[in-house]
Asker: 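Below is one structure. I have some questions about it.
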Protein chains: 2
Amino acid sequence: MRRPTLEAVAARAGVSRATASRVVNGQTTVAPNIRDAVLRAIDELGYVPNPAARSLVTQRTDSVALVVSEPPTRVFSEDPLFSTVIRSASVELETVNKQVVLMLASSASSHARVERYIAGGHVDGVMLISMHGADPLPAALSRLRVPVVSYGRPAVPVDIPYVDNDNVGGAELAVRHLVAGGRRRIATIAGPQDMIGGQDRLTGYRNVLRDSDRRSIVAVGDFTRESGAVAMRQLLGDDPGLDAVFVANDLMAVGALQSLRQAGRRVPDDVAVVGFDDIEAAQYTEPPLTTVRHPVVEQATAMVRLLLGLFEGGPADPVILPTELVVRESA
Amino acid sequence: MRRPTLEAVAARAGVSRATASRVVNGQTTVAPNIRDAVLRAIDELGYVPNPAARSLVTQRTDSVALVVSEPPTRVFSEDPLFSTVIRSASVELETVNKQVVLMLASSASSHARVERYIAGGHVDGVMLISMHGADPLPAALSRLRVPVVSYGRPAVPVDIPYVDNDNVGGAELAVRHLVAGGRRRIATIAGPQDMIGGQDRLTGYRNVLRDSDRRSIVAVGDFTRESGAVAMRQLLGDDPGLDAVFVANDLMAVGALQSLRQAGRRVPDDVAVVGFDDIEAAQYTEPPLTTVRHPVVEQATAMVRLLLGLFEGGPADPVILPTELVVRESA
DNA sequence: TCCGGCTGAGAGAGCGCTCTCTCGAAAGGG
DNA sequence: CCCTTTCGAGAGAGCGCTCTCTCAGCCGGA
């Protein structure tokens with residue numbers, strides 16, 4: 001009880017396999033009556049082309065890998081960003097009938113697995129989400145002669161086109177807002193310095209402070225809520241007189257708000273807080289969080305289109321998307 | 001500049017293609033010296049088997065589809081459950097070297113796409129995450145003669161093995177806790193009644209109230225935070241004297257806490273609140289949320305194993321996992 | 001009437017692999 | 001010493017499809 005083949009369709013329609021193939025692939029050089037006969041046969045037999053056979057000859061698979069190169073727990077549960085990217089990319093790829101193969105590359109062994117898989121030609125291209133600088137995967141994949149695009153600028157310089165948002169500019173926006181609000185002692189909770197987002201947002205902070213003749217007060221977190229709380233306590237210890245803090249992501253900002261509350265500081269009266277990312281939860285903090293929004297969905301979509309462009313021999317130029325300050329009540 | 005084929009490996013090693021294939025597939029009937037020669041050739045040429053050619057003859061693809069049949073926005077951003085399931089299932093499948101093809105089936109058109117894809121034999125099996133009763137996909141897929149397992153009992157009776165947690169029992173646990181705490185007027189915010197989780201958790205609530213001779217006070221939400229807030233306001237309007245509420249998921253519970261705060265009720269002094277799911281955020285609410293934990297990771301893992309079992313002709317019996325009450329401060 | 005051009009359909013090779021069948025050689029028993 | 005058994009390796013078919021090449025048939029122009 002095997003699935004019907006193109007051969008069977010051809011036989012039933014009384015044509016050759018080649019003609020049946022032409023109809024299946026929508027070629028126009030088939031007479032209407034013959035085309036109809038084939039379509040009827042396909043319908044009656046419930047024919048569906050065998051993808052393996054097809055891709056054996058076409059050398060295409062019509063699927064792309066979405067490689068998430070982060071420890072799995074971080075990926076989903078903590079940071080809603082990843083989820084949004086995955087979803088948006090999936091939706092965008094659906095529109096061009098490509099499938100998403102999701103690969104989580106957390107450990108070294110899974111890196112090897114991913115490499116083998118990609119090298120095997122299972123997919124036509126790769127979308128890489130990798131935030132850590134130490135990650136060897138971007139370099140490894142770029143060697144594989146497979147179209148690869150990256151979500152976010154790769155931390156090590158490597159010849160992969162990427163889509164990123166303007167982290168430096170966004171941070172500048174945030175800190176300038178604090179300066180404009182009359183804040184004098186503006187601290188920052190920076191992200192991990194082995195991550196591009198962490199680096200660039202700190203750069204933006206420093207740029208503005210330098211220009212506005214203020215002293216920088218820096219603590220470093222690792223983008224988790226907990227680390228934000230710890231860093232905030234540390235900052236308050238270091239400089240009890242601070243009146244503003246720019247936090248490199250919202251998750252840490254949530255933790256910082258918690259610490260500020262525990263320390264009896266009113267936000268924004270005593271201390272103004274600006275986050276980064278504009279995650280869902282930023283609307284529900286107490287008080288609602290002023291933050292820098294970057295277009296996650298657009299970034300994912302742009303990444304897909306960049307990859308699709310690569311398939312067609314399009315340009316491999318990076319895409320940088322603008323950020324925007326969302327003013328709520330915390331600053 | 002094509003990728004090397006098995007033919008090339010065989011030629012280089014001075015053996016036949018058949019023997020090379022034997023080595024690649026780890027058969028033991030190859031003399032050690034020949035095996036080494038082949039392995040060396042593989043290494044030198046950087047040979048990787050062509051999956052299309054292989055699955056053309058083996059009729060296997062070594063990948064499974066993870067079909068998420070929910071509106072995309074709900075899937076990821078709102079409910080961390082989905083993400084955890086996807087992650088856990090991926091990790092578990094990695095261990096047996098199977099790939100995950102992620103498919104989001106939100107609209108009717110994407111349903112058709114998914115069906116076509118599955119029918120095309122792209123994957124060896126399907127894991128279905130579908131929560132809505134009206135969803136036609138479970139029935140459609142079960143007709144496709146492809147191994148299918150479901151995360152959660154399908155809402156319409158359909159012949160698919162599933163892994164679920166004990167929703168009724170979990171709800172009973174929660175409500176019994178409220179009864180044991182001396183609460184007299186115990187309301188509930190139920191989930192959507194076209195979802196199994198929504199139905200069963202309401203059933204559990206009713207079971208306990210019936211046995212303990214209390215009146216049931218029901219509002220219905222749709223598992224979003226916002227709907228929880230609305231439902232809570234409604235309950236307070238209906239019965240200002242209520243002293244406890246069982247909320248069918250944590251997301252709605254967060255909304256409910258917000259409404260209670262706005263209404264000036266203290267939790268748990270005036271009103272005790274119990275949620276369901278034990279999401280991450282439940283630890284960070286004010287006060288921390290007492291809730292029913294169900295083993296999401298274990299459920300996902302069990303689903304994978306159920307599917308793998310099906311491949312081997314194993315049993316197609318449903319698996320029900322126990323739930324557990326996590327007592328924090330809200331009740 | 002003949003011929004060249006064009007359109008539509010068939011023949012058949014070949015994509016890269018697995019797996020059965022076959023066969024030679026080595027080993028063991030009578 | 002010969003015959004049977006076992007083991008290791010090769011030959012070759014075939015998985016289901018695409019795509020090039022070929023060719024039949026028709027039309028129009030000279």
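Values reported hereafter were calculated over all heavy atoms of this structure, with side chains retained and with hydrogens, waters and symmetry mates removed. Remember, it's a predicted structure, so these values are computed and weren't measured experimentally. All chains are named by letter (A, B, ...) in the order of the sequence lines, taking the proteins before the strands, and each is independently numbered beginning at 1.
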Asker: Return the NE2 to CG distance between B:H294 and B:L321, rounded to the nearest 0.5 Å.
Answerer: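 B:H294 atom NE2 to B:L321 atom CG measures 10.5 Å (nearest 0.5 Å).
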Asker: Roughly, in whole Å, what's the span from CZ in A:R60 to C1' in D:dT18?
Answerer: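 My rounded result for the distance is 10 Å.
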Asker: Please work out if A:V15 contacts a base, only the sugar-phosphate, or nothing of the nucleic acid, heavy-atom cut-off 4.0 Å.
Answerer: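 Sugar-phosphate contact only - A:V15 comes under 4.0 Å of backbone atoms but never of a base.
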Asker: What integer distance in Å separates B:Q27:CD from C:dT18:C1'?
Answerer: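 It is 9 Å, rounded to the nearest whole Å.
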Asker: What is the distance from CG of B:L6 to C1' of C:dC19, rounded to the nearest Å?
Answerer: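 It is 13 Å, rounded to the nearest whole Å.
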Asker: Kindly say if B:S21 contacts the phosphate of C:dC17, meaning a side-chain N or O under 4.0 Å from OP1 or OP2.
Answerer: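 So the side-chain polar atoms of B:S21 never come under 4.0 Å of the phosphate oxygens OP1 or OP2 of C:dC17.
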Asker: Between C:dC15, C:dT18, D:dG10, which nucleotide has the shortest distance from any of its atoms to the side chain of B:S16?
Answerer: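 Side chain of B:S16 sits closest to D:dG10.
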Asker: For B:N50 and C:dC15, is the shortest distance between a side-chain N/O and OP1 or OP2 below 4.0 Å?
Answerer: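 So the side-chain polar atoms of B:N50 never come under 4.0 Å of the phosphate oxygens OP1 or OP2 of C:dC15.
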Asker: So, A:R60 and A:D124, do they make that salt bridge, N to O below 4.0 Å?
Answerer: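 Looking at A:D124 together with A:R60, the answer is no, because their closest N to O distance does not fall below 4.0 Å.
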Asker: Take the protein atom CZ of A:R54 and the nucleotide atom C1' of D:dC19, then report the distance between them rounded to whole Å.
Answerer: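 Rounded to the whole Å, the gap is 13 Å.
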Asker: Please tell me which of A:R17 and A:A20 maps to the more 5' nucleotide of DNA chain C, matching each residue to the nucleotide holding its nearest heavy atom.
Answerer: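 Result: A:A20.
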Asker: If you assign B:G14 and B:L56 each to the DNA chain D nucleotide with the nearest heavy atom, which residue ends up on the more 5' nucleotide?
Answerer: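 That would be B:G14.
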Asker: Rounded to whole Å, how long is the line connecting atom CZ of B:R35 with atom P of D:dG8?
Answerer: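 About 11 Å, once rounded to whole Å.
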Asker: With a 3.5 Å cut-off and heavy atoms only, can you find an N or O donor on one side and an acceptor on the other between the side chain of A:R22 and the base of C:dG10?
Answerer: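 Result: at least one qualifying N/O pair found.
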Asker: Measuring to OP1 and OP2 of D:dG16, would you say a side-chain N or O of A:T5 lies under 4.0 angstrom away?
Answerer: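 No, because none of the side-chain N or O atoms of A:T5 sits under 4.0 Å from OP1 or OP2 of D:dG16.
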Asker: Which residue, B:V30 or B:Q59, contacts DNA chain D at a nucleotide closer to its 5' end, judged by nearest heavy atom?
Answerer: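 Between the two, 5'-proximity favours B:V30.
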Asker: When you measure from the side chain of A:I34, which nucleotide among C:dA9, C:dT18, D:dG16 comes out closest?
Answerer: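 Comparing C:dA9, C:dT18, D:dG16 against the side chain of A:I34, the answer is C:dA9.
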Asker: By nearest atom, which of the nucleotides C:dG10, D:dC17, D:dG8 is closest to the A:A18 side chain?
Answerer: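 For the A:A18 side chain, the nearest candidate turns out to be C:dG10.
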Asker: Identify, between B:N25 and A:N33, the residue whose nearest nucleotide on DNA chain C lies closer to the 5' end.
Answerer: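 Between the two, 5'-proximity favours A:N33.
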Asker: State the CZ-CG distance between A:R54 and A:N25, to the nearest 0.5 angstrom.
Answerer: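 Reported value, rounded in 0.5 Å steps: 5.0 Å.
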Asker: Is the distance from OP1 or OP2 of D:dG10 to the nearest side-chain N or O of B:T19 less than 4.0 Å?
Answerer: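 For D:dG10, OP1/OP2 do have a side-chain N/O of B:T19 under 4.0 Å.
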Asker: Please list every donor-acceptor pair under 3.5 Å in which a side-chain atom of residues 32-46 of chain A meets a protein atom from a residue at least two apart or in another chain.
Answerer:
| residue | atom | partner | partner atom | Å |
| --- | --- | --- | --- | --- |
| A:E44 | OE1 | A:R12 | NE | 2.5 |
| A:E44 | OE1 | A:R12 | NH2 | 3.0 |

Asker: Go through the side-chain N and O atoms of B:D159 and B:S142 and say whether any donor and acceptor fall under 3.5 Å apart.
Answerer: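 There is no such pair between these side chains.
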